[in-house]
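No experiment lies behind these values; they were computed from the predicted model shown.
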Amino acid sequence: ITDIQDEYVILKNDKILKINKENVECFEVNNFYIKKILWQENSYVKYPLFVKSENKVCVFDKLGYTGTLYDETGKICDIKTSLPILEVSLNSKGYMAVLQKQDSKSIITIFNNYGSKVIERISYEENGSIPIAVALSENSDTFAVSYLDVQKDIVISKVMFFKIDGKELK
């Protein structure tokens, strides 16, 4: 993980987000010149990372427990996890798939665009499969998990798809 000074994300033709450890700011721009600051929020994250989908951005703290969803109007919602965050996937509706891991336990949580948990999948490395990435469908009804499956001296990569039906997956 590297320190970032400032990251810039284009939301729309005339809106840009500036993300760093202390703040998330939205600017209105014209020909790449800042016209005015639309809003600013303190963020205080140690390792800020972000994912973007259309006009939404989720800023999260890699190996932290929080994330925030933004659009050009400001903060939409916050999310909190029970384990450190490794990766976030975001779709255009603002749904987030969050891969969390600690020791041999991994949790994948799907959050809606209000920050509420929709579904969770828990796995343990003792079963041989280690989740390494997660992706969420645009219509928020399916998510995919990429696993490394370690059996003795053989490593196999596999992708599993899960239907989101509002019930916890086993």
request  = Check step by step if side-chain contact (heavy atoms from CB on, under 4.5 Å) holds for Ser82 and Ile107.
outcome  = CA-CA 9 Å; Ser82 55; Ile107 299 177; 3.6 Å; yes
inquiry  = Clusters formed by hydrophobic residues whose side-chain heavy atoms approach within less than 4.5 Å: which one holds Val45, and what are its other members?
reply    = none
Indicate every side-chain donor-acceptor pair of residues 138-149 with a distance under 3.5 Å to a residue at least two apart or in another chain.
unit_1 : atom_1 : unit_2 : atom_2 : d
Glu138 : OE1    : Ser92  : N      : 3.3
Glu138 : OE1    : Ser92  : OG     : 2.4
Asn139 : OD1    : Ser137 : OG     : 2.8
Asn139 : OD1    : Asp141 : N      : 3.2
Asn139 : ND2    : Asp141 : OD1    : 3.4
Asn139 : ND2    : Asp141 : OD2    : 3.4
Ser140 : OG     : Asn91  : ND2    : 2.8
Asp141 : OD1    : Ser137 : OG     : 3.4
Asp141 : OD2    : Lys163 : NZ     : 3.1
Tyr147 : OH     : Arg121 : NE     : 3.1
Asp149 : OD1    : Gln151 : NE2    : 3.1
Asp149 : OD2    : Lys158 : NZ     : 3.2

ask   = Atom CD in Glu41, atom OG1 in Thr68: separation rounded to 0.5 Å?
value = 6.0 Å
query = Under 6.0 Å from the CD1 atom of Ile156, do we count more than 12 heavy atoms belonging to anything else shown?
reply = yes
inquiry  = How close do Ser106 and Lys101 get, counting heavy atoms only, and between which atoms?
reply    = OG-CG, 3.7 Å
ask   = NZ/Lys80 to CG/Asp78 distance, rounded to the nearest 0.5 angstrom?
value = 7.0 Å
request  = Calculate, to the nearest 0.5 Å, the distance between atoms NZ and CG belonging to Lys12 and Leu17 respectively.
outcome  = 12.0 Å
inquiry  = Strictly distance-based, threshold 3.5 Å: is any side-chain N or O of Ser89 a donor or acceptor partner for the main-chain N or O of Leu136?
reply    = yes
task = Kindly say whether Glu25 contributes a backbone atom to a donor-acceptor pair with the side chain of Asn23 at under 3.5 angstrom?
result = no
request  = Could you tell me whether the side chain of Ile164 reaches within less than 4.5 Å of the side chain of Ile110, counting heavy atoms only?
outcome  = yes
request  = Report yes if some heavy atom in the side chain of Gln40 is under 4.5 Å from a heavy atom in the side chain of Val24; otherwise report no.
outcome  = no
ask   = In the single-linkage hydrophobic clustering (I, L, V, M, F, W, Y; side-chain heavy atoms under 4.5 Å), do Ile130 and Leu99 co-cluster?
value = no
message = If I take atom CD from residue Glu22 and atom OG from residue Ser43, how far apart are they, to the nearest 0.5 angstrom?
response = 7.0 Å
same_hphob_cluster(Val9, Leu38) at 4.5 Å side-chain heavy-atom cutoff = yes
Minimum heavy-atom distance Cys58-Leu90, with the two atoms named = N-CD2, 3.7 Å
query = Which pairs, with at least one residue in residues 96-117 and sequence neighbours excluded, count as a ring-ring contact (aromatic ring centres under 6.0 Å, His included)?
reply = none
key: Side chain Lys18, main chain Asn20, donor-acceptor under 3.5 Å   = no
ask   = Between Ile85 and Val51, is there a shared hydrophobic cluster once you connect ILVMFWY residues whose side-chain heavy atoms come closer than 4.5 Å?
value = yes
Contacts of Tyr70 that satisfy ring-ring contact (aromatic ring centres under 6.0 Å, His included) - sequence neighbours left out = Trp39
request  = Sequence neighbours left out, what pairs pass salt bridge (Lys or Arg N to Asp or Glu O under 4.0 Å) with at least one residue falling in residues 107-117?
outcome  = Lys117-Glu120
request  = Show your reasoning for whether side-chain contact (heavy atoms from CB on, under 4.5 Å) applies to Ile108 and Gln100.
outcome  = CA-CA 6 Å; Ile108 295 161; Gln100 311 151 64; over 6 Å; no
request  = Kindly determine whether Leu83 and Lys105 satisfy side-chain contact (heavy atoms from CB on, under 4.5 Å), including the steps that lead there.
outcome  = CA-CA 9 Å; Leu83 298 179; Lys105 182 179 183 180; 4.1 Å; yes
request  = Verify, without hydrogens or angle tests, whether Lys46 (side chain) and Gly64 (backbone) share a donor-acceptor contact under 3.5 angstrom.
outcome  = no
query = Do side-chain atoms of Glu125 reach the backbone of Ser104 as a donor and acceptor pair under 3.5 angstrom?
reply = no
remark   = In this structure, CG of Leu86 is separated from CD of Gln102 (nearest 0.5 Å) by 10.5 Å
key: Full working for side-chain contact (heavy atoms from CB on, under 4.5 Å) between Met96 and Ile79   = CA-CA 9 Å; Met96 298 157 277; Ile79 61 168; 3.8 Å; yes
query = Is Val134 reachable from Ile132 through a run of hydrophobic residues whose side-chain heavy atoms are each under 4.5 Å from the next?
reply = no
request  = Could you tell me whether the side chain of Ile19 reaches within less than 4.5 Å of the side chain of Val57, counting heavy atoms only?
outcome  = yes
query = Between the side chains of Asp61 and Thr66, does any donor sit under 3.5 Å from an acceptor?
reply = no
key: Any donor-acceptor pair under 3.5 Å from Lys52 side chain to Glu54 backbone   = yes
note = salt bridge (Lys or Arg N to Asp or Glu O under 4.0 Å) pairs touching residues 82-98, sequence neighbours excluded, are none
task = First locate atom CG of Asp14, then atom CD of Glu72, and finally report the distance between them rounded to the nearest 0.5 Å.
result = 9.0 Å
request  = Check the hydrophobic clustering (I, L, V, M, F, W, Y; side-chain heavy atoms under 4.5 Å; chains of links allowed) and say if Ile16 and Ile34 are grouped together.
outcome  = yes
